[in-house]
Amino acid sequence: MRRVAGWVKPLNTAMSPALARAVRDPDAVFEKALGKAEAGAGVGADIDRAFIEDYRVLLRRFAKVRDISFLGWTATASELQMRMENRLRIRRLHAEHPEIASEPIDRPIVVVGLPRTATTLAHKVIAAPEGNRAPLMWEFHHADRFDIDPKLRQQRLAKARKISTAVNAITPIWETIHPSTAETPEECVLALPHGLQWGTRFKLPGYRDWLAQHDFVPDYQYLKEFLQVLQAGDRPRRWVLKSPFHLYNLEALLKVFPDAHILWTHRDPQTVMGSWCSLVETGTALCNRRYDPREIGSEWLDSLSWMVEQGRLARLGIPPERMVDVSYHQLTADPYGQLPRIFERLELEWSFREDGNLETVLARPGMRRNHEYTLGRYGLDPDMVDQAFGDYTKLVAAIR
């Protein structure tokens, strides 16, 4: 299985001197990225200095990754620039147009669950009805009001398409593991500043300990501000959000979105671990010159089992009528039978139009993908997974 294009390793080798200079002075790289972010957002960093300084520290952390590759460094620095530009633009728009803060984000539907549990299928189908809305990939690259100039919208969409094409060229397997385009719904984790998602690229000692002390309520307040900006100039619709990494932040999420409905997909953790580690290995292979697949297995077995534990604790305080549990096996075996029931639980109407939307989603390349993986490659075996997840494995089997 080729995880990255054949030309990636020679490029990383050729650019190693440039990489060495960059990681020796990450603050210089950061200042350059910040300058571009300020120019793109049309406002200075002082509008949100604390956020900016957090990202400076984060880039310094990336610079300490021993085996970071040139492409891994440049791609991550570029993403930080994108995130800072969005943050500054959103802060500017809220300051210039205070009425944006009154945009209603009512009863959002939040799809959670371990990764590789059909969250993407559920997300795309639930976001499709006329009254619903999900953030699209290109909007995460250039967050702005809905009623921006159409020419500017097309320019930004074209740029996002180029990025998507480049990602698929660099990592050919990505279209099989996680197919997406500039115009498809994407995980709202791209609008959350901090989280375990950075660990899909690099091994970051101490970062999860930092996350354990981090107050995520401001992160979700920013997510709400992000959605309000996207909605400004459009009619309000019901937002449909998705990320596995909401699992360990449900309490913070519900403080900001108290009327949210949570849809939790469940799948056998043994299958999840193999599939997820394979996906993480793809990101790791791009961003690192060397890596040990067994370290991926050890780290993510610990992290994913912890995520489930945190989610199960948090759901004890969530009213049962706002929780919808979905079996991966039932959903993928009988989507036409299961999804109308899920819609009913979410207070949505299923119609012939939704039948057509589901048919379209299932027909897209990659939705029925042939993705090969094994636990053994990542130093794991079924007993280790069962022990880490405890009785959650039995719960999944019970609702299967």
Side-chain angles (χ1 to χ4, degrees), residues 3-41 43-46 48-89 140-142 159-160 162-171 174 189-211 280-292 295-296 299:
R3 297 188 181 276
V4 297
W7 51 265
V8 167
K9 186 174 181 178
L11 174 65
N12 282 331
T13 300
M15 297 301 295
S16 57
L19 172 65
R21 290 192 296 271
V23 298
R24 277 198 301 267
D25 191 3
D27 283 355
V29 176
F30 186 84
E31 288 299 329
K32 185 176 181 179
L34 178 57
K36 291 181 179 179
E38 290 175 323
V43 68
D46 285 341
D48 201 345
R49 180 58 63 178
F51 171 85
I52 296 300
E53 291 308 310
D54 270 355
Y55 264 27
R56 183 191 301 275
V57 173
L58 190 58
L59 187 64
R60 290 173 182 168
R61 188 184 291 272
F62 296 145
K64 294 178 180 178
V65 174
R66 183 184 61 188
D67 291 316
I68 193 168
S69 70
F70 173 78
L71 277 178
W73 170 260
T74 54
T76 303
S78 177
E79 182 173 332
L80 290 184
Q81 176 187 319
M82 175 195 79
R83 287 169 173 264
M84 289 191 294
E85 180 179 329
N86 279 338
R87 178 84 171 204
L88 297 177
R89 185 185 301 111
F140 285 117
H141 286 280
H142 301 282
K159 185 176 180 180
K162 289 181 180 179
I163 293 173
S164 179
T165 299
V167 169
N168 290 332
I170 295 169
T171 56
W174 199 248
V189 70
L190 287 168
L192 290 174
H194 304 286
L196 288 174
Q197 64 268 18
W198 296 113
T200 62
R201 306 180 186 192
F202 308 114
K203 186 176 181 181
L204 300 171
Y207 185 56
R208 199 176 114 182
D209 292 336
W210 184 89
L211 291 176
V280 171
E281 185 178 358
T282 300
T284 302
L286 172 64
C287 294
N288 298 264
R289 291 167 291 160
R290 292 173 294 273
Y291 63 92
D292 184 349
E295 290 185 351
I296 294 174
E299 183 167 344

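Not measured: the values here are computed from a predicted model. All residue numbers refer to positions in the sequence shown, counting from 1.
Residues satisfying the side chain to side chain contact (heavy atoms under 4.5 Å, CB included) criterion with Ala33, sequence neighbours excluded, are Gln81, Met84. For His194, the ring pair (Phe, Tyr, Trp, His ring centres under 6.0 Å) partners at least two apart in sequence or on another chain are Tyr55, Trp210, His214. Partners of Asp27 by side chain to side chain donor-acceptor pair (under 3.5 Å), not counting sequence neighbours, listed by chain and number: Arg60. In this view, Phe202 and Phe62 satisfy the ring pair (Phe, Tyr, Trp, His ring centres under 6.0 Å) rule, not counting sequence neighbours. With sequence neighbours excluded, the residues forming a salt bridge (charged side-chain N to carboxylate O under 4.0 Å, His left out) with Glu53 are Arg49, Arg56, listed by chain and number. Listed by chain and number, the residues in a side chain to side chain contact (heavy atoms under 4.5 Å, CB included) with Arg24 are Ala20, Arg21 (sequence neighbours excluded).
The distance from the CD atom of Glu79 to the CZ atom of Arg201 is 4.0 Å, given to the nearest 0.5 Å. For the atom pair CG (Leu204) and CG (Asp209), the distance works out to 12.0 Å, reported to the nearest 0.5 Å. Separation of atoms CE (Met82) and NE2 (His141) is listed at 5.5 Å; rounding is to 0.5 Å. From Glu38, atom CD reaches atom CZ of Arg89 across 13.0 Å, with rounding to the nearest 0.5 Å. In this structure, CG in Asp54 is found 11.5 Å from CG in Leu80, a value given to the nearest 0.5 Å. To the nearest 0.5 angstrom, Leu88 atom CG is 4.5 Å from Ile52 atom CD1.
For Thr74 (side chain) and Leu71 (main-chain N/O), a donor-acceptor pair under 3.5 Å exists by modelled atom type. Distance alone, capped at 3.5 Å, places no donor-acceptor pair between the Arg289 side chain and the Phe70 backbone. In this structure, Arg3 contributes its side chain and Gly283 its backbone to no donor-acceptor pair below 3.5 Å. One N or O on the side chain of Thr171 and one on the backbone of Val167 form a donor-acceptor pair closer than 3.5 Å. With Ser69 contributing its side chain and Cys287 its backbone, the two residues share a donor-acceptor pair below 3.5 Å. One N or O on the side chain of Thr13 and one on the backbone of Lys9 form a donor-acceptor pair closer than 3.5 Å.
Here the side chains of Asp67 and Tyr291 are not in contact, with every heavy-atom distance at 4.5 Å or above. Arg66 is not listed as a side-chain neighbour of Asn288, based on a closest heavy-atom distance of 4.5 Å or more.
Minimum heavy-atom separation, Ile68 to Leu19: O-CD2, 3.3 Å. Annotation for Pro26 and Trp73: closest pair CB-CH2, 4.0 Å, computed over non-hydrogen atoms. Contact detail for Ala191 and Phe140: the closest heavy-atom pair is CB-CE2, 3.8 Å.
A salt bridge does not link Glu299 to Lys203: none of the charged side-chain nitrogens sits closer than 4.0 Å to a carboxylate oxygen.
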